[in-house]
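Some notes on the structure that comes next.
Start at 1 and go down the list; that is how both ligands and their atoms are numbered. Source: prediction; values computed, not measured.
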Amino acid sequence: MSKIAVFPGSFDPITSGHVDLVERALPLFDKIVVAVGINSQKKYLFELDRRLDWLETVFAHENRVEVGSFEGLTADYAKSIGAKYLLRGLRNASDFDYEKTISQLNNIIGEGLETIFLIAQPGFSHISSTIVREIIKGGGDATPFLPEEVVIKK
Ligand code: ADP
């Protein structure tokens with residue numbers, strides 16, 4: 001039985017931190033589905049299609065990584081594609097506090113769905129999509145935090 005993990009997130013935009021996490025997690029799974037969760041209440045900086053295009057381009061060389069998107073519960077999406085694992089990253093204690101509860105809930109509603117956490121590497125733990133968006137909104141250059149395939153014109 002193949003081990004499939006969903007890596008859910010907003011990826012608004014994808015950063016080098018996300019890419020590092022997927023690369024480090026690949027030896028653990030047969031397939032990782034990087035999936036954009038669509039929350040109609042949330043305002044995004046980049047359109048869904050643009051975020052998906054970036055994900056497709058960044059992982060084009062990796063045939064065990066697929067890109068998807070979903071509305072509704074992450075646990076339902078995971079079930080619909082036969083994934084028994086979620087992948088998430090932990091950068092700091094606030095990530096932990098938030099992720100702990102979500103992971104416990106997903107384990108119940110996902111009927112045993114397990115979240116596998118990887119601690120961010122020191123060289124990536126300061127990177128977040130939030131910081132990248134702030135740099136872009138402020139007219140700065142976010143290139144140092146982005147994979148080379150993600151080009152954002154000022
Ligand atoms: P969400 O809106 O669900 O938090 P994000 O796209 O911001 O979506 O993040 C998705 C996942 O990637 C989260 O588990 C987050 O902790 C992880 N992540 C984000 N940035 C990094 C990083 N620099 N290093 C490791 N994990 C990260």
Minimum side-chain heavy-atom gap [X]-[Y] below 4.5 Å:
| X | Y | result |
| --- | --- | --- |
| S128 | F145 | no |
| Y44 | R133 | no |
| V6 | Y85 | no |

Proximity winner for atom 2 (O) of ligand 1, if only heavy atoms of S128, P8, G9, S10 are counted: S10

Atom 22 (C) of ligand 1: which of S94, S125, G17 has the nearest heavy atom? G17

At what distance is the nearest protein heavy atom to [atom], and which residue and atom is it?
| atom | result |
| --- | --- |
| atom 7 (O) of ligand 1 | H18 NE2, 4.2 Å |
| atom 3 (O) of ligand 1 | R88 NH1, 3.2 Å |
| atom 17 (C) of ligand 1 | G89 N, 3.9 Å |
| atom 11 (C) of ligand 1 | F7 CE1, 3.5 Å |

Quick one: does any side-chain atom of T15 pair with a main-chain N or O of L146 as donor and acceptor, under 3.5 Å? no

Does any N or O in the side chain of D12 come within less than 3.5 Å of the main-chain N or O of L45, such that one atom is a donor and the other an acceptor? yes

How does R91 reach ligand 1, if at all, at less than 4.0 Å between non-hydrogen atoms: by side chain, backbone, both, or neither? side chain

Is it the side chain (CB and beyond), the backbone, both or neither of D12 that lies under 4.0 Å from ligand 1, heavy atoms counted? neither

Residues at least two apart in sequence or cross-chain that pass side chain to side chain contact (heavy atoms under 4.5 Å, CB included) with V67, listed by chain then number, are L52, L55, E56

Under 4.0 Å to a heavy atom of [X] - the qualifying atoms of ligand 1, by number:
| X | value |
| --- | --- |
| D95 | 16 (O) |
| F11 | 6 (O) |
| A120 | 24 (N), 25 (C) |
| K42 | 2 (O) |
| I127 | 20 (N), 21 (C), 22 (C), 23 (N) |
| E99 | 14 (O) |
| F124 | 22 (C), 23 (N) |

Just checking, is any N or O donor in the side chain of S10 or K42 under 3.5 Å from an acceptor N or O on the other one? yes

Where W54 and P13 come nearest, the two heavy atoms and their spacing: CZ3-CB, 3.7 Å

If I apply the N/O under 3.5 Å rule, does S129 come out as touching ligand 1? no

Under a 4.5 Å side-chain heavy-atom rule over Ile, Leu, Val, Met, Phe, Trp and Tyr, are I4 and V34 clustered together? no

Is E114 paired with K84 through a side-chain N to carboxylate O contact shorter than 4.0 Å? no

